[in-house]
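Remember, it's 1-based here, ligands and their atoms both numbered in the order they're listed.
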Amino acid sequence: MVDPSAIILTTFFLGLALTYILKHIHKNKHDSSHQLPHGSMGWPLSGETLGFLKPHTSNSLGNFLEEHCSRYGKVFKSHLFGSPTIVSCDFELNLYILQNEGKLFPADYPKVMHNILGKFALLLVNGDLHRKLRNTVISFVSATKCDSNFLHCVERLVLSRINSWDPLSNQVAFYKEAKRYTINVMLKHLLNINPDEPLACKILQHFENYIKGFVSLPLNIPGTAYFKAVKARKKLSSIIQDIILEKRKGEPVGGDLLNVILSKPNLSDEEIVSIVLDILFGGYETTTKVLSLIVYFLGGASNALERLKEEHQEIRERKDEGELLNWEDYKHMEFTQNVINEAMRCGNVVKFLHRKAVQYVKFKDIVIPAGWKVLPVLSAGHLDPTLFENSLEFNPFRWNDNSTSKKVAPFGGGPRLCPGADLAKVEIAFFLHHLVLNYRWKIKDDDPPLAFPYVEFTGGLLLDLEPTGSTFGEHP
Ligand code: HEM
């Protein structure tokens, strides 16, 4: 007679063994040819976040990525921003991640950004809501970029900025100047606020606080960067809300482009305020940084500066004295485009993006588990020596060569590709036009762009200026 307890025990152990075997087969099915990338998960809780965020010059990969890539390869696992993470320094995988944004890898920005940006921010919303809000930004940009009113407005703001520089002091803190310029362009064109109005100053101050909050700890305690950022967003929202209300009453406030946004059906006031903030935010920080990067890099690249100056002199020679630039002139700024492309490749305004895998994904022989954070590192592709010869060197002439790789993604890619790229380029090109025609410059101190992880010039990018003696550009 067989002991029933022995049958139960045997069945239990057989069950366990079967479960183990099935699990193992299942695991091998996923893992035999495809593997979770190598890497290290770092410390409990903080993982490797501090090492990943450690500042370094933005035209380099930084120690963390260099060491990890050489130890584990271009794609590795880590623990960042509180989640197990796959970090990709591989251009092909980055492209795949960005192009499959909706289905496989939705945006996954840290919680601190949700509270500051608000629930309708384009970077944070998904699906139909994302499409609706994004289309509004796209119509704003299309209605703007080649409109002669906008182009003239941009140029006048360039001139007023450059003419405000004290001719007796031959120094300027360029980073601050670039910030004033880019915010003024958006305030004037979108909200019809003039640079000299006190409201412009107020908005700039709120914006500074708003932006500082993005890389802060989410501690809602008075005095913290986070607290100030949340408060700044509320103030900015109420200023924009007031302008919208006045505009609806038929008051002549707000620029024509606010009309473009207000004319869209099915947008709540909260969504409109959020779109205006998106455009101000998107257009301000990044454009300022690219302009400053160009000035920084050109300071050490006299051949490129000479070629750029020639291009703008040629454009000026075709125009009547004092005549403002138009879209045709912009289209002739070909070398200027090379300079912009190269500064974005070398300077890496946006080092990496935040995504999450919503399902188990296999790419070539790489496995990305469902629920893991995924960080495509854009700078890694830009500085990859297998894609770009002398990849760390700022050389705008490389873009004249058809064989130069086009594998860059400074504006991201896929369904979230930056909608403001063309606008930013026009603003930068027009500023460079008057800068190179009016001035030569030297970078005063050693003040390289630092990835914090967003680019910063900690010394404010002080320039020693020398006027070239050009007369165009008196206050119009
Ligand atoms: C040279 C300057 C700029 C750079 C380097 C830049 C870079 C980027 C990048 C990399 C993204 C993708 C974010 C992601 O996929 O998670 C993005 C998105 C965005 N950018 Fe820009 N940007 C610039 C200028 C502008 C301007 C002038 C605007 C104003 C209209 C703007 C508005 C936006 C918005 C609203 C998004 C979110 C798009 C979405 O989620 O669908 N950007 N930008």
Side-chain angles (χ1 to χ4, degrees), residues 58 94-95 97-102 105-110 113 117-118 120-145 150 154 178-179 181-183 185-187 189-190 214 257 260-261 271 274-294 337 339-356 373-379 381-382 408-432 449 451 453-455:
S58 79
N94 289 353
L95 215 59
I97 295 166
L98 297 180
Q99 280 166 353
N100 288 285
E101 206 270 340
F105 302 105
D108 181 44
Y109 282 88
M113 289 180 74
L117 284 172
F120 291 115
L122 208 51
L123 274 181
L124 308 178
V125 294
N126 286 306
D128 287 346
L129 182 59
H130 175 246
R131 265 185 295 280
K132 179 177 85 165
L133 301 181
R134 184 177 165 88
N135 283 341
T136 312
V137 177
I138 288 174
S139 14
F140 164 80
V141 174
S142 330
T144 300
K145 65 177 180 193
F150 173 69
V154 170
K179 277 184 181 188
Y181 162 64
T182 56
I183 194 83
V185 169
M186 286 300 156
L187 289 182
H189 206 59
L190 184 59
F214 291 134
L257 285 157
V260 175
I261 299 174
E271 288 170 343
S274 187
I275 290 171
V276 172
L277 276 176
D278 273 345
I279 294 173
L280 291 177
F281 169 58
Y284 164 62
E285 271 284 287
T286 46
T287 314
T288 297
K289 287 168 199 245
V290 177
L291 191 50
S292 305
L293 284 166
I294 293 174
Q337 295 299 328
V339 169
I340 297 174
N341 287 341
E342 184 67 348
M344 287 198 293
R345 185 190 71 78
C346 290
N348 298 297
V349 168
V350 181
K351 177 176 161 183
F352 63 92
L353 300 173
H354 290 267
R355 296 292 188 265
K356 182 181 190 163
K373 204 169 170 58
V374 180
L375 297 185
V377 181
L378 306 180
S379 60
H382 296 170
V408 286
F411 293 109
R416 283 186 191 271
L417 176 71
C418 174
D422 288 343
L423 217 57
K425 286 182 179 176
V426 173
E427 286 176 44
I428 293 167
F430 277 29
F431 198 99
L432 288 176
Y454 304 103
V455 170

Looking only at protein heavy atoms, what sits closest to atom 7 (C) of ligand 1 is Pro410 O, 3.7 Å

Test side-chain contact (heavy atoms from CB on, under 4.5 Å), reference Phe105, set Lys356, Lys373, Arg355, output is Arg355

### Task
Report yes or no: does a heavy atom of His130 sit under 4.0 Å from some atom of ligand 1?
yes

Q. Between Asp422 and Lys425, is a salt bridge (charged side-chain N to carboxylate O under 4.0 Å, His left out) present by the stated rule, with each step listed?
A. CA-CA 5 Å; Asp422 288 343; Lys425 286 182 179 176; 5.2 Å; no

Closest to atom 15 (O) of ligand 1 among protein heavy atoms sits Arg355 NH2, 2.6 Å

Sequence neighbours excluded, the answer for side chain to side chain donor-acceptor pair (under 3.5 Å) partners of Glu342 is Arg345, Arg398, Trp399

Exactly one candidate in Val276, Leu423, Thr287 meets side-chain contact (heavy atoms from CB on, under 4.5 Å) with Met186; the answer is Leu423

Task: Stepwise side-chain contact (heavy atoms from CB on, under 4.5 Å) check, Ile275 with Phe120 - done: CA-CA 8 Å; Ile275 290 171; Phe120 291 115; over 6 Å; no

Margin query: Tell me whether Thr182 contacts the main-chain N or O of Lys179 through its side chain, where contact means a donor paired with an acceptor under 3.5 Å.
Written below: yes

I'd like to know if the side chain of Thr136 reaches the main chain of Ile261, judged simply by a donor and an acceptor atom lying under 3.5 Å from each other, with no hydrogens or angles considered. no

Residue, atom and distance of the protein heavy atom nearest atom 40 (O) of ligand 1 read Arg416 NH1, 2.9 Å

Any protein N, O or S atom under 2.8 Å from atom 21 (Fe) of ligand 1? Found Cys418 SG

re atom 35 (C) of ligand 1, the protein heavy-atom contact at minimum distance is Leu122 CD2, 3.6 Å

The closest protein heavy-atom partner of atom 1 (C) of ligand 1 is Val290 CG2, 3.4 Å

shortest atom 16 (O) of ligand 1-to-protein heavy-atom contact is with Tyr109 OH, 2.5 Å

* Asked: Would you say Asp278 has any N or O atom under 3.5 Å from an N or O of ligand 1, going by distance alone?
  -> no

